[in-house]
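Take a look at this one; I'll ask things after.
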Amino acid sequence: MIPGLSRLVDAMQRWGAKASIEVNHGGIHVSPRFLNGKAPLGPSKLPLSVLGPTTGEDTTKEVDIHVMDQALIDQTIERYVNAVVRCQRAGFEMVSIHGAHGHLPAQFASTFHQQEDRPLRRQYGNRARFAVELLTAIRRKVGNKMALEYRISGDEIVDGGLHVAETIEFIKMIEDKIDLIHISAGIIGNPQCDAALGGRSPYMPPMYNVERAAQIKKAIKIPVAVVGAYQDLDMAKVLFPKAKLIFA
Ligand SMILES: Cc1cc2nc3c(=O)[nH]c(=O)nc-3n(C[C@H](O)[C@H](O)[C@H](O)COP(=O)(O)O)c2cc1C
């Protein structure tokens, strides 16, 4: 992947842009279609009614989840680190770890995903532990040679999910390992979340994450980025008159 990624970096840096890339692991939300029929892995099994069908899946069929044990957690963290190193070798100056929208780090952190009371749950009781270990391992590898962003759902929107107050507690446990926290919202493909947010992105209320981001910014030390339904530059300017606007 490195040659193609580095061509992308060249194309961005040529115009003076900083190059950042998102590293994501979908965990239990990944369709077996993309895994050569293997079961998606994650911290705990979830009933289909909670999990929500992955796109195009037969909704009547229970999704088999490969529940991670300690060895698989360690291997997965190592693979994240290797992915970040490949991005660094391709020339990216920043990496964004996807911990939002119910992806793997969020599956460990979120009460919505951690419904089963299992041995690993007791060992990994601290739901922030996976993200803390992951970000510690990445930071140890790249040092301050790369900016490290963490994308998080400021509110998961769903019943039983993480809401702002707990998200703030979670961020406080990782903020010494990252340079920027990026506020998004919700859980991907979750019917309750889609209904609450009025369907998919194009129909979201303008700036629907800003209140949450402002609350979070007051409670933490590191810079805060926020995404979501900025309809034009003026809207962003109104919000952040002093901010240097970066177009993603
Ligand atoms: C087609 C599509 C694909 C997306 N893929 C990702 C993704 O891979 N990773 C991610 O963090 N967000 C993804 N998002 C969410 C966007 O990054 C962004 O959070 C969302 O679109 C809200 O911002 P907007 O209102 O400016 O579009 C995707 C959104 C859309 C519409």
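Every number for a ligand or one of its atoms is a count from 1 in the order of the listing.
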Do the charged groups of Asp179 and Arg139 touch, with an N to O distance under 4.0 Å? yes

Give me each pair satisfying side chain to side chain donor-acceptor pair (under 3.5 Å) with a member in residues 160-173, each pair once, sequence neighbours excluded. Arg127-Glu166, Asp155-His163

Nearest non-hydrogen atom to atom 7 (C) of ligand 1 belongs to which of Arg151, His101, Glu22, His182? Glu22

Out of all atoms in ligand 1, which are within 4.0 Å of some heavy atom of Val227? Include the element for each. 18 (C), 19 (O), 23 (O)

Spacing of CG belonging to Leu104 relative to NE2 belonging to His25, to within rounding of 0.5 Å: 5.5 Å

Indicate yes or no: does an N/O atom of Tyr230 lie under 3.5 Å from an N/O atom of ligand 1? no

Residue pairs fulfilling salt bridge (Lys or Arg N to Asp or Glu O under 4.0 Å) with at least one residue in residues 208-225, sequence neighbours excluded: Glu175-Lys221

Pick whichever of Ala229, Ser153, Gly99 has a heavy atom sitting closest to atom 25 (O) of ligand 1. Ala229

